[in-house]
Asks: 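What follows is a single structure, and I will ask about it in a moment.
Order of appearance sets the numbers: ligands from 1, and atoms from 1 within every ligand. These values consider heavy atoms only, across backbone and side chains, with no hydrogens, waters or symmetry-generated copies.
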Amino acid sequence: MSAAKTVSIPNPRLNEVFDRLRTTLGKFIRENRISHEEYRSAVAFLTQVGQKNEVSLLFDVFLEVMVDEVDNNGRPGTITTIEGPFYVPDAPLMKSPCVLPHRPVEPGPVLFFSGTVRSLSGDTLGGAVVDLWQSDAQGCYSHFDILRVEAPYNLRARVVADDNGKFDVETRKPGPYEIPKAGPTGALLAAMGRHAWRPAHLHMKVECQGYRTLTTQLFMKNDPWIDSDVVVGAVKRALIVDPVGHDPAEMPQKNMPEPYYTLSYDFVLEPSIAETA
Ligand code: MBD
Ligand code: FE
């Protein structure tokens, strides 16, 4: 009996998956006869992606849809979609009803977004947290488009639903988002002749003790990019919403200069793994 020639593997899953990744990429290189020049330009491209802070952007645009599929396929409750690159944890904790943090002059029409968080059996989940983030009306995200949105946590908050699981938030209608043309991800899309737009959307993580956190997005139906999201597969039918426009005269006390919108959407959470067991 000879001593085994193996070393103990600190992370067997990493070892196994990395090996398969290399095999898969090796197959890709052979099948596509990738030249040394192409290999070098790929390395240079990824170097740029890192230097310009676009690793999450690049991966989330092209790969996160598949991870969401693997992780969430067949899951009951509200349908999920990708988180994307612009989530920031620890946004201000606010009790519903509330107004999302915004600048003194926040562009775009007001949107009242409300709904109820429920369990699979329809029980309302009082105290559930709806962690919301979105672009502004010009398609810019706080913490990322810092030249255009300086205010930290602009249009971001963790909204605590009331005792009846109801949340009620005043925000702005988000605008469509375009991946910056100046960076490597935008350059890649341009080189492939593809546009770089996402339809206007709201992001949310809905959480409640004892339930599995739900990460999803709601997409604006009348957006020009609703059928051609650059993130192929992220838009799902059940996540398309159509905010109702209202005349400002319907709410004279708010003295609004332009039409405002209302949107109602309910979220359904499944029990966390521990609870099902
Ligand atoms: C976004 O706003 C976004 O949500 C995703 C997934 C990718 C790029 C920009
Ligand atoms: Fe987004």
Asks: When you measure from atom 6 (C) of ligand 1 to every protein heavy atom, which one gives the shortest distance, and what is it?
Replies: I82 CD1, 3.2 Å
Asks: If you count the atoms of ligand 1 from 1 in the order shown, which ones are under 4.0 Å from a heavy atom of G84?
Replies: 6 (C)
Asks: Is H201 close to ligand 1, meaning an N/O of one under 3.5 Å from an N/O of the other?
Replies: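 Between H201 and ligand 1 (N or O atoms, distance only) the closest approach is under 3.5 Å.
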Asks: Hey, is H203 one of the residues with a heavy atom under 4.0 angstrom from ligand 1?
Replies: yes
Asks: Give a yes-or-no answer on whether the side chains of Y87 and D131 include a donor-acceptor pair shorter than 3.5 Å.
Replies: yes
Asks: Output yes if Q134 passes the N/O/S-under-2.8 Å test against the Fe ion (ligand 2); output no otherwise.
Replies: no
Asks: Check all N, O or S atoms of H201 and name the one closest to the Fe ion (ligand 2).
Replies: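 For H201, the N/O/S atom sitting closest to the Fe ion (ligand 2) is NE2.
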Asks: To the nearest 0.1 Å, how far is atom 2 (O) of ligand 1 from its closest protein heavy atom, and which atom is that?
Replies: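 Ranked first by proximity to atom 2 (O) of ligand 1 is Y141 OH, 3.0 Å.
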Asks: Check whether the side chains of S142 and R156 place a donor and an acceptor atom closer than 3.5 Å, and report yes or no.
Replies: yes
Asks: Identify, for atom 5 (C) of ligand 1, the protein heavy atom at the shortest distance, and state residue, atom and that distance.
Replies: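 Of every protein heavy atom, P85 CD, 3.4 Å lies nearest to atom 5 (C) of ligand 1.
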Asks: Does the separation of the ring centres of F112 and H246 fall below 6.0 angstrom?
Replies: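 No, they do not, as the ring centres are separated by 6.0 Å or more.
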Asks: Once the angle between the rings of F267 and F113 is folded into 0 to 90°, is it parallel (under 30°), tilted (30 to 60°) or perpendicular (over 60°)?
Replies: perpendicular
Asks: For the residue pair S114 / D168, report whether a side-chain donor-acceptor contact shorter than 3.5 Å exists.
Replies: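 Side chains of D168 and S114: no pair found under 3.5 Å.
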Asks: Please report whether ligand 1 has a polar contact with D60, defined as an N or O pair separated by less than 3.5 Å (distance criterion only).
Replies: no
Asks: Check each atom of ligand 1 against the heavy atoms of F86 and keep those under 4.0 Å away; list them by number with element.
Replies: 1 (C), 2 (O), 9 (C)
Asks: Which of these, R198, R194, K236, sits in a salt bridge (Lys or Arg N to Asp or Glu O under 4.0 Å) with D229?
Replies: R198
Asks: When you measure from atom 9 (C) of ligand 1 to every protein heavy atom, which one gives the shortest distance, and what is it?
Replies: Y177 CE2, 3.3 Å
Asks: So does E258 have more than 12 non-hydrogen atoms from other groups sitting under 6.0 Å from CD?
Replies: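 Count over threshold, so yes.
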Asks: What is the nearest protein non-hydrogen atom to atom 8 (C) of ligand 1, stated with its residue, atom name and distance?
Replies: L57 CD1, 3.6 Å
Asks: Kindly give the atom name of the N, O or S atom of H203 closest to the Fe ion (ligand 2).
Replies: NE2
Asks: What's the spacing between L132 CG and L155 CG if we round to 0.5 Å?
Replies: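 The CG atom of L132 sits 10.0 Å away from the CG atom of L155.
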Asks: Would you check if there is a donor-acceptor pair between the side chains of Q138 and D145 at a distance under 3.5 Å?
Replies: no
Asks: Considering heavy atoms of the protein only, find what lies nearest to atom 1 (C) of ligand 1 and give residue, atom and distance to 0.1 Å.
Replies: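 Checking every protein heavy atom, the shortest distance to atom 1 (C) of ligand 1 gives R198 CD, 3.6 Å.
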